[in-house]
*Asks:* 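Would you mind keeping the following structure in view while I ask a few things?
All values derive from a computational prediction rather than experimental measurement. Values below: every heavy atom of this structure, side chains too, minus hydrogens, waters and symmetry copies.
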Amino acid sequence: MRLVADIGGTNARLAFAHPDTSRVEDPKSYRNANFSSFDDVIADFLSTGAARPEQLVVAMAGPVAGNTGRLTNLDWVIDGATLSSRFSGTPVRVINDLTALGYAALQLAPEQLVPVVAEPTAPAAQRQALVVGIGTGFNVSPVVAYGDRTICPAVEAGHTSLFASLASALDRLKPGLSEHFPTVESLFSGRGRRKFLSLMTGETVESATPYIAKHGTSENAVYDSALDDYAMLIGMLLAELKIAYMPTDGIFLAGGVARSSLIADRADICAQAATVPNRFVQLAPSIWIIDDDSAALTGCASVDVRANA
């Protein structure tokens, strides 16, 4: 059996999965603050008498290189070689959590997804999709599947310059606004959303959550307007990304900022902006929000553990 783990900044989820079926069995969640290291989390998970894993795949919220990663919001280093030694040479692969969602995307069932744009997908020998993560930071995971093999190449999309179309849209909303958002991540992230709301409302916004919760109330009108604009900007971003990555089999949104920004009618606002035709490339993929906290474990269950991280 394969032990799969998804480590976020707050919680870690662990489960066993069969690598031939990618089926995850009874995931268990742990609060990271209760443990001094990931080794302690594994020890607790296995303390119930579970069998020693034959393989181990760990997805984590942080950059990964050389099969080693450090969590962005926690001082934990996840080292594949160290974990392998602990389990007597068991194959270990460490991947970014967004990459794990990439490996899961084309396997997700309808009940694990919330539709933003539902379009039919033409069958093809090669399938392509894109996971877009808007949360603490920003990145994407391209997905290319052919036969029984899926590849999710590493990219770093958050630090690219903001698309010209988005910069123009910002300046239409408020002259000079684009000067505050030089990169994609500077706008599409938790910090970027707070900054956008602050600049649009003239108030210091330390958290978007209270204003999202007051959606539709009269006293929230100024914030509702700004949050509607932010949903439109997400749609414009997706319109650019669908041309850059050609995700014929769908765009899959992940991350707390994406999910909370597209509630109620804001999903429609996003959809309208995302489906504006491009005069050069005619492409209309489905757009989904991943609505299952265990989805990354599915990706961990299906990734090739022998591949280089």
*Asks:* Within a radius of less than 6.0 Å around CD of Glu25, do more than 12 heavy atoms belonging to other residues, nucleotides or ligands occur?
*Replies:* yes
*Asks:* For residues Glu185 and His159, determine if any side-chain heavy atom of one lies less than 4.5 Å from a side-chain heavy atom of the other.
*Replies:* yes
*Asks:* Rounded to the nearest 0.5 Å, what's the gap from CG on Leu177 to NZ on Lys195? Could you check?
*Replies:* 9.5 Å
*Asks:* Side chains of Leu166 and Phe188, heavy atoms from C-beta outward: is any pair under 4.5 Å?
*Replies:* yes
*Asks:* side-chain contact (heavy atoms from CB on, under 4.5 Å) with Ile134: which of Asn139, Leu262, Val257?
*Replies:* Val257
*Asks:* Taking Asn220 for its side chain and Tyr211 for its backbone only, find out whether a donor-acceptor pair lies under 3.5 Å.
*Replies:* yes
*Asks:* So how far is it from His18 NE2 to Gln55 CD, rounded to the nearest 0.5 Å?
*Replies:* 9.5 Å
*Asks:* Testing the 3.5 Å rule here: is there a donor-acceptor pair between the side chains of Ser29 and Asn11?
*Replies:* no
*Asks:* May I ask whether Leu173 and Phe163 are part of the same hydrophobic cluster, defined by side-chain heavy atoms of I, L, V, M, F, W, Y residues being less than 4.5 angstrom apart, directly or through others?
*Replies:* yes
*Asks:* Compare every heavy atom of Thr298 with every heavy atom of Ala104, then report the nearest pair and how far apart it is.
*Replies:* CB-CB, 4.1 Å
*Asks:* Who are the salt bridge (Lys or Arg N to Asp or Glu O under 4.0 Å) partners of Lys174, not counting sequence neighbours?
*Replies:* none
*Asks:* Show which residues join Val222 in its hydrophobic cluster (side-chain heavy-atom contacts under 4.5 Å, direct or indirect), or state none.
*Replies:* none
*Asks:* Answer yes or no: are there more than 12 heavy-atom neighbours, outside Asp26 itself, under 6.0 Å from its atom CG?
*Replies:* no
*Asks:* Are side-chain heavy atoms of Arg93 and Val303 found at a separation under 4.5 Å?
*Replies:* yes
*Asks:* Consider only side-chain N and O atoms of Thr10 and Arg31, and report whether a donor and an acceptor are under 3.5 Å apart.
*Replies:* no
*Asks:* Taking only residues two or more places apart in sequence, or in another chain, which ones meet Pro53 in a side-chain contact (heavy atoms from CB on, under 4.5 Å)?
*Replies:* Leu3, Phe16, Leu46, Phe87
*Asks:* Measuring from Lys214:NZ to Glu219:CD, what's the distance to the nearest 0.5 Å?
*Replies:* 6.0 Å
*Asks:* Return the minimal non-hydrogen interatomic distance between Leu101 and Ala296, and the atom names on each side.
*Replies:* CD2-N, 3.6 Å
*Asks:* To the closest 0.5 Å, what do you measure between CD1 (Ile263) and NE2 (His215)?
*Replies:* 5.5 Å
*Asks:* Between atom SG of Cys270 and atom CG of Asp265, what is the distance when rounded to the nearest 0.5 Å?
*Replies:* 12.0 Å
*Asks:* Listed by chain and number, what are the salt bridge (Lys or Arg N to Asp or Glu O under 4.0 Å) partners of Asp291, not counting sequence neighbours?
*Replies:* none
*Asks:* Report whether Val64 and Ile42 are members of the same hydrophobic cluster (ILVMFWY, side-chain heavy atoms less than 4.5 Å apart, transitive linking).
*Replies:* yes
*Asks:* Any side-chain heavy atom of Val92 sitting closer than 4.5 Å to one from Val57?
*Replies:* no
*Asks:* Might you point out which heavy atoms bring Leu71 and Met60 nearest each other, and give the distance in Å?
*Replies:* N-CE, 3.3 Å
*Asks:* Would you say that Thr183 contacts Phe138 through its side chain, given a criterion of any heavy-atom pair below 4.5 Å between the two side chains?
*Replies:* no
*Asks:* Heavy atoms only: give me the nearest Lys28-Asp44 pair and the separation to one decimal.
*Replies:* NZ-OD1, 3.9 Å
*Asks:* Identify every side-chain donor-acceptor pair in residues 227-252 under 3.5 Å, counting partners at least two apart or on other chains, and give the distances.
*Replies:*
unit_1	atom_1	unit_2	atom_2	d
Asp228	OD1	Arg266	NE	2.9
Tyr230	OH	Leu187	O	2.7
Glu240	OE2	Ser165	OG	2.5
Lys242	NZ	Ala274	O	2.9
Lys242	NZ	Leu283	O	3.4
Asp249	OD1	Gln128	N	3.2
Asp249	OD2	Arg127	NE	3.2

*Asks:* Mind checking who shares a hydrophobic cluster with Val24, ILVMFWY linked at side-chain heavy-atom distances under 4.5 Å?
*Replies:* Val4, Leu297
*Asks:* Can Leu83 be reached from Met1 by stepping across I, L, V, M, F, W or Y side chains whose heavy atoms are under 4.5 Å apart?
*Replies:* yes
*Asks:* Out of Trp76, Phe45, Tyr30, which one pairs with Phe35 under the ring-ring contact (aromatic ring centres under 6.0 Å, His included) rule?
*Replies:* Tyr30
*Asks:* For Thr136, check side-chain contact (heavy atoms from CB on, under 4.5 Å) against everything at least two apart and list the hits.
*Replies:* Asn73
*Asks:* Output the distance between atom CG (Leu113) and atom OG (Ser286), rounded to the nearest 0.5 Å.
*Replies:* 10.0 Å
*Asks:* Among residues two or more places apart or on two chains, list those pairs meeting salt bridge (charged side-chain N to carboxylate O under 4.0 Å, His left out) that have a residue in residues 159-172.
*Replies:* none
*Asks:* Please answer whether the main-chain N or O of Gly8 pairs with a side-chain N or O of Asn32 as donor and acceptor at a distance below 3.5 Å.
*Replies:* yes
*Asks:* Any pair with a residue in residues 32-41 that passes salt bridge (charged side-chain N to carboxylate O under 4.0 Å, His left out), sequence neighbours left out, goes on the list, sorted by first then second residue, please.
*Replies:* Asp39-Arg86
*Asks:* Do you reckon Ile7 sits in the same ILVMFWY cluster as Leu74, going by side-chain contacts under 4.5 Å, direct or chained?
*Replies:* yes
*Asks:* Do any pairs count as a side chain to side chain donor-acceptor pair (under 3.5 Å) and have a residue in residues 109-124, sequence neighbours left out, and if so which ones?
*Replies:* Gln112-Asp292
*Asks:* Please check if any side-chain donor atom of Arg52 sits under 3.5 Å from a side-chain acceptor atom of Thr90, or the reverse.
*Replies:* no
*Asks:* Kindly write out the residues that satisfy side-chain contact (heavy atoms from CB on, under 4.5 Å) with Arg70, not counting sequence neighbours, or none if the list is empty.
*Replies:* Asp75, Val77
*Asks:* Is there side-chain contact between Leu130 and Val143, with heavy atoms separated by less than 4.5 Å?
*Replies:* no
*Asks:* Would you name the heavy atoms of Pro27 and Ser294 that are closest together and state the gap between them?
*Replies:* CG-OG, 3.9 Å
*Asks:* Are Ser302 and Gln107 linked by a side-chain donor-acceptor pair shorter than 3.5 Å?
*Replies:* yes
*Asks:* Would a distance-only check, ignoring hydrogens and angles, find a side-chain to backbone donor-acceptor pair under 3.5 Å from Thr72 to Ala61?
*Replies:* yes
*Asks:* Shortest non-hydrogen contact from Ala208 to Leu197?
*Replies:* CB-CD1, 3.7 Å
*Asks:* Are Val116 and Ile290 connected, step by step, through hydrophobic side chains (Ile, Leu, Val, Met, Phe, Trp, Tyr) whose heavy atoms are closer than 4.5 Å?
*Replies:* no
*Asks:* Could you please spell out the steps behind the side chain to side chain contact (heavy atoms under 4.5 Å, CB included) verdict for Asp79 and Val94?
*Replies:* CA-CA 8 Å; Asp79 183 272; Val94 182; over 6 Å; no
*Asks:* Answer yes or no: are there more than 12 heavy-atom neighbours, outside Glu206 itself, under 6.0 Å from its atom CD?
*Replies:* no
*Asks:* If we only count heavy atoms from C-beta on, is the Thr150 to Val144 side-chain gap below 4.5 Å?
*Replies:* no
*Asks:* Could you tell me which residues satisfy side-chain contact (heavy atoms from CB on, under 4.5 Å) with Glu203, sequence neighbours excluded, listed by chain and number?
*Replies:* Thr201, Tyr223
*Asks:* Quick check: do Ser260 and Arg193 have side-chain heavy atoms less than 4.5 Å from each other?
*Replies:* yes
